[in-house]
Every structure is written in structure tokens, then in C-alpha cells.
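One-based numbering, in listed order, for ligands and for the atoms of each. In what follows, residues are counted from 1 in the order of the sequence shown.
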Amino acid sequence: QSQELSQARIDYHVALESLHQHGTQMVCTGKMHTDRICRFDYLCYCSDAEEFVFFHSNSSVMLPNLGSRRFQPALLDLSSVEDHNTQYFNFLELPVAALKFMPKPVFVPDVTLILNRFNPDNLMHVFHDDLLPAYYTMKQYSDLDDEARLVFMEGWSEGPHFDLYKLLSSKQPLLKEQLKNFGKLMCFTKSYVGLSKMTTWYQYGFVQPQGPKANILVSGNEIRQFAKTLMDKMNISRSEESDISAEDDKDKKEDYIVVFSRSTTRLILNEAELIMALAQEFQMRVVTVSLEEQSYPSIVQVISGAYMLVSMHGAQLITSLFLPKGAVVVELFPFAVNPEQYTPYKTLASLPGMDLHYISWKNNLEENTVTHPDRPWEQGGISHLEKAEQERILASKDVPRHLCCRNPEWLFRIYQDTLVDIPSFLDALKEGMKTKPILKKSKTATLVHPGRVREPQCQTSVQTTNEAKLTVSWQIPWNLKFLKVREVKYEVWIQEQGENTYMPYILPQQNYTFSENIKPFTTYLVWVRCIFNKNLLGPFADVLMCRT
Ligand code: UDP
């Protein structure tokens with residue numbers, strides 16, 4: 001390992017001189033610790049103290065310079081999970097003069113991204129909290145390229161999905177425990193600390209019950225670009241051809257359904273029967289995959305061509321981000337678990353541009369559930385609880401809303417095994433398929449928003465003492481002439497000056513004369529904007545002041 005960080009590529013004495021002279025330099029983005037990413041020159045790490053160190057010199061820079069607000073509660077979040085108190089980053093400060101009492105620093109020449117993985121044992125967390133955020137953080141800073149070094153500071157070992165993390169760059173990621181192998185004092189020549197939260201869509205329920213994030217900033221496009229890059233790195237070929245479109249039925253017989261099975265917990269007890277039912281209903285091949293039996297690339301290969309993915313609720317469903325456009329995700333929920341309250345995969349499938357059709361099914365028959373009250377609490381056991389509490393949980397038919405992560409009733413219910421009632425499953429499936437939209441190829445045009453309408457104008461005339469007319473006209477947005485748009489409409493808002501309310505109108509043409517509710521000798525404020533295909537709103541043009 002230390003071979004890899006060979007000092008050959010940097011002149012040790014130049015680096016040491018530079019550290020002494022300039023100290024540490026830090027410049028960050030973000031107003032708050034929750035949206036901050038910092039870039040450092042010569043950020044150091046002391047492995048004995050397990051602390052990052054900022055060396056002050058006459059020319060060091062620390063922006064933002066928060067003073068002791070740096071500890072309220074932290075400089076930044078090291079993981080993509082918002083404001084989690086086990087994931088904070090900070091550093092110690094020392095004068096550069098202290099260096100002469102310290103071990104000789106080892107310099108890391110690579111541009112480094114320093115972060116915490118949130119829960120590297122769980123595939124959903126791996127993708128949602130680590131891989132996607134790291135991928136797009138690297139896109140944000142162009143020197144975090146394929147040669148970048150990732151350093152995981154959460155302190156865990158590699159974990160079962162380390163191969164996935166290795167796909168992010170050509171260099172082996174470093175774990176916290178490995179840092180001491182490089183010496184007592186390590187200095188990162190150039191590093192970035194923190195992760196972008198821009199791509200996350202789900203909050204796990206630390207402060208309010210779990211659910212979609214309030215302000216989702218990612219679309220299916222970015223998720224799919226990421227998936228494509230990962231597949232390229234895994235040498236999985238996939239073309240647009242595999243997108244499921246009802247327009248070409250020619251390779252319908254090639255279509256197949258994937259059942260993603262779990263083999264240790266939250267089982268489907270009649271998987272064979274479920275597979276038979278699916279094959280019969282859709283007249284398709286049904287294949288099963290499981291994390292216990294296949295390599296990750298082979299699972300992705302299978303999923304990336306599937307017509308439908310069927311699985312019990314669980315982390316393995318994150319692989320739906322590799323499904324072709326137009327595919328169907330079917331998520332099964334155990335008894336007493338409300339599908340509307342646990343929606344990480346529904347939210348993913350529903351992101352605009354993901355183009356996945358989501359269907360859920362829940363076991364409503366208590367006789368078809370198999371509970372495990374005697375298991376350890378983290379696998380849903382409840383025998384450690386007081387008798388009355390156990391009885392209350394056993395009698396309840398619906399897990400009430402709760403916070404993460406140790407609610408025993410939730411764990412008890414989510415770790416049940418399920419005998420899937422085939423008739424009710426097929427009913428839910430058939431019902432859900434009724435609303436499956438037809439995927440249209442070449443959809444890029446439907447992502448383009450209108451520009452402002454141009455040259456908006458108004459003309460007014462007074463008819464009688466209580467009648468007036470207001471004519472508003474405008475030119476099409478500049479980008480419209482380059483686009484094929486199915487439907488172009490215009491929205492006009494008319495507000496009488498001084499009033500709080502306005503009258504909205506939707507119009508197909510580029511001018512209109514309003515006479516209803518228009519009063520003489522009155523000033524109206526008029527806004528105009530263009531709308532493509534019912535829901536792609538453009539910006540309003542500058543407001544018009546129209547006096548009758
Ligand atoms: N897992 C699996 N097979 C199983 C049970 C779990 O492959 O039978 C995987 C699962 O996909 C996840 C990890 O083990 O990556 C942790 O599973 P857990 O049930 O704790 O989490 P959940 O799936 O509910 O997020």
C-alpha cells in the first residue's frame with residue numbers, strides 16, 4: 001500500500017517546505033454545515049489522535065472562518081445523511097511551528113475525496129448514501145477524476161459491497177484503519193471533504209417518520225447516467241433497445257420477469273408458486289436472482305434487460321435503478337406494514353425521467369404471515385419486551401408511524417416471512433398495470449422548458465363608464481422554433497393593482513382581448529408565460545402595466 005503512495009511523484013522537500021510556508025488552506029462552499037463541501041491544500045491527519053489537523057501559518061486560509069461556531073454542531077456532514085450527529089467532520093488546529101515536534105509527515109499526492117459511508121452493509125444505503133453522492137461530488141470538482149483517491153472515515157471495514165466503491169475511481173479506496181499504515185502524520189496535498197446531498201431522495205426517519213425528502217433535486221436522468229457509467233465499468237452492455245416500449249412488440253417474446261429473492265430474512269414462502277403465476281399471467285420467462293447466489297455484475301446484467309422486477313421490500317430493490325425505461329417494479333410488503341409509509345423504492349421509480357412503473361402489494365391475511373418473536377431484537381424479535389407490550393404488538397394490524405431505527409413493532413413486522421396469496425397478488429398487479437403509461441421513444445423534447453414569451457404588449461380601450469377592454473399579445477418563446485412540441489399553451493395572469501388576487505387564463509393563441517371583469521380607468525398588472533405539454537412551465541415575461 002505505501003508503495004502506491006510513493007513519494008516519487010512529488011518532491012518531498014518541496015511539499016514539506018510548502019506546508020511550512022503556507023500551512024493549510026481551506027475554502028468551502030455552502031452556508032451551513034449540512035450543505036458544505038470543503039477543499040483543502042495540506043489537510044493533515046494524525047492517526048494516533050484520530051484527528052484531522054489544520055496547520056496555521058502566516059498565509060493559511062480558512063473560509064468560512066466560523067470561529068467557535070465551527071463546533072455548533074460541526075464544520076460539515078461527512079456522510080450524505082443530513083445532520084446526523086455521528087457523521088460530523090471537524091479538525092484540530094496547530095501552528096506550523098508544532099511540526100518540528102511531530103513525526104515527519106507523509107504526503108498523499110493524489111487528489112483525495114474524504115467522506116463517511118453511512119451503512120456499507122446495506123445495498124440501498126450503499127447506492128443512495130454513498131455511491132451516487134460520491135459520483136456527483138466527483139463530477140462537481142473536475143480534479144476529482146478517475147485518478148482520485150477516496151478515503152472512507154466512518155471506521156468500518158471494507159464490507160460486502162466494496163467492489164462497488166472501487167468502481168468510482170481507478171485507485172483503491174482507503175479505509176480509516178489503513179491510514180495509520182502510512183505513518184503517524186499524513187498530509188493530503190489536495191483534498192475535498194464532504195459529500196453532495198443533491199442526489200438523495202429519501203430521509204430515513206431520524207427526526208420525522210421516514211419518507212421522500214422534502215425538496216428532491218435529482219431526476220431520473222442523473223440516476224440513469226450514473227447507472228450507465230457503473231454498467232460500463234462492470235463491462236455490462238446495454239442499449240436503448242432494451243427500453244420497454246409498447247410501440248414495438250417485435251421482441252416481446254424476449255421479455256422476462258426478474259424475481260429478486262432474499263434467502264435469509266423477510267422471505268417469500270411460496271416463491272415457486274409466485275413464479276408460476278407470473279409466468280402464466282404475462283406469458284414470459286421468470287428468472288430469480290439473489291445477492292447470496294450471484295455476483296453483482298451478473299445481477300445487474302439480468303435486471304438491465306428485465307420487463308418487470310418483483311421483490312419483497314428491502315435493500316435489494318435499489319437495483320431497480322438498473323432497469324430499462326418502461327419497466328415495472330413490484331414491491332411486496334409483509335402483514336401490517338403500510339406500503340405508503342416506506343417508499344424509498346417507490347420514490348426512486350417515480351422520479352421524473354426514471355420512467356419506471358411502480359406497483360405495491362401488501363399481505364392482508366394474517367394467517368399467511370410467519371412471525372419470529374424469538375429472534376434477536378435487530379431481526380425483529382420481541383420476546384425481550386414486557387408481556388403486555390408483546391401482546392399489544394401481536395394484536396396490532398398496522399405498524400403506527402415511528403422514527404428510525406429501533407422501533408420493535410416495526411422490526412417485528414418488517415422481518416416477517418410471507419406466504420403470498422396469489423389471487424390477491426395478481427389482482428393488485430392487473431389493477432396496477434392498467435395505469436402503466438406507454439413509453440415514448442425520443443422523449444428528450446418533453447424535458448425542454450419554454451423560454452419567456454417575447455415582446456409582450458397590452459392595449460386598452462374604454463367602452464363606456466363601466467366597460468373596458470384589455471388586449472394582450474406576445475411572441476412565441478425563442479426556443480420553440482427549434483422544438484417539436486405536442487401542445488403549446490399560454491398562461492395569462494391579470495391582477496388589478498393593489499389587489500391580492502389575480503385571474504388566471506390558459507390560452508392557445510398569442511393574443512387575447514379581455515373584457516369581462518375589466519374596469520375603466522384602472523391599472524392592471526399582466527403576467528404571461530408559455531406552457532409545453534400541460535406541465536412544462538416557462539418563466540413569466542416582465543410584468544406589463546396596463547391602464548384602461
Ligand atoms: N439481504 C439479502 N438477503 C436476505 C436478507 C438481506 O441479500 O435474505 C441483504 C439486503 O439486500 C441488504 C442487507 O442484506 O443489502 C441488509 O438487509 P436488511 O434486511 O438488514 O435491510 P433491508 O433490506 O431491510 O434494507
**Request:** Check whether any side-chain N or O of Thr369 sits under 3.5 Å from a backbone N or O of Pro334 as a donor-acceptor pair, and report yes or no.
**Result:** no
**Item:** Verify atom 14 (O) of ligand 1: protein non-hydrogen atom under 4.0 angstrom away
**Value:** no
**Which of the ligand 1 atoms, numbered from 1, are nearer than 4.0 Å to a heavy atom of Tyr415** = 18 (P), 19 (O), 20 (O)
**Asked** Does the cation-pi check pass for Arg70 over Phe91, that is, NZ or CZ under 6.0 Å from the six-membered ring centre and within 45° of its axis?
**Response** yes
**Prompt:** Among Glu378, Glu292, Met312, Arg262, whose heavy atom sits nearest atom 2 (C) of ligand 1?
**Reply:** Glu292
**Prompt:** Should you measure from each heavy atom of Leu291, which atoms of ligand 1 turn up under 4.0 Å away?
**Reply:** 7 (O), 11 (O)
**Passing candidate, ring-ring contact (aromatic ring centres under 6.0 Å, His included) with Phe89, options Phe71, Phe52, Tyr192** = Phe52
**Complete:** heavy-atom search around atom 12 (C) of ligand 1 in the protein gives Ala315 CB, 3.5 Å
**Request:** Run the numbers on Tyr296 and Leu291 for side-chain contact (heavy atoms from CB on, under 4.5 Å), then give the verdict.
**Result:** CA-CA 7 Å; Tyr296 199 75; Leu291 288 168; 4.3 Å; yes
**Asked** Between His313 and ligand 1, which part of the residue brings a heavy atom under 4.0 Å of the ligand: side chain, backbone, both or neither?
**Response** neither
**Request:** Can you sort out which atoms of ligand 1 are near Leu123, meaning under 4.0 Å from one of its heavy atoms?
**Result:** 15 (O)
**Request:** Would you kindly specify which portion of Ser263 sits under 4.0 Å from ligand 1, judged on non-hydrogen atoms: side chain, backbone, both or neither?
**Result:** backbone
**Asked** Which atoms of ligand 1 have any heavy atom of Asn122 under 4.0 Å away?
**Response** 15 (O), 16 (C), 21 (O), 22 (P), 25 (O)
**Cation over ring face, Arg413 and Phe335, 6.0 Å, 45°** = no
**Message:** At less than 4.0 angstrom from any non-hydrogen atom of Gly314, what atoms of ligand 1 do you find?
**Reply:** 23 (O)
**Asked** Is Asp110 salt-bridged to Lys171, cutoff N-O under 4.0 Å?
**Response** yes
**Message:** Does the plane of the ring in Phe162 sit parallel, tilted or perpendicular to the ring in Phe152? Use 30° and 60° as the thresholds.
**Reply:** perpendicular
**Asked** Under 3.5 Å between some N or O of ligand 1 and some N or O of Arg266?
**Response** yes
**Asked** Does the distance from a Lys or Arg side-chain N to an Asp or Glu carboxylate O, for Lys184 and Asp48, drop under 4.0 Å?
**Response** yes
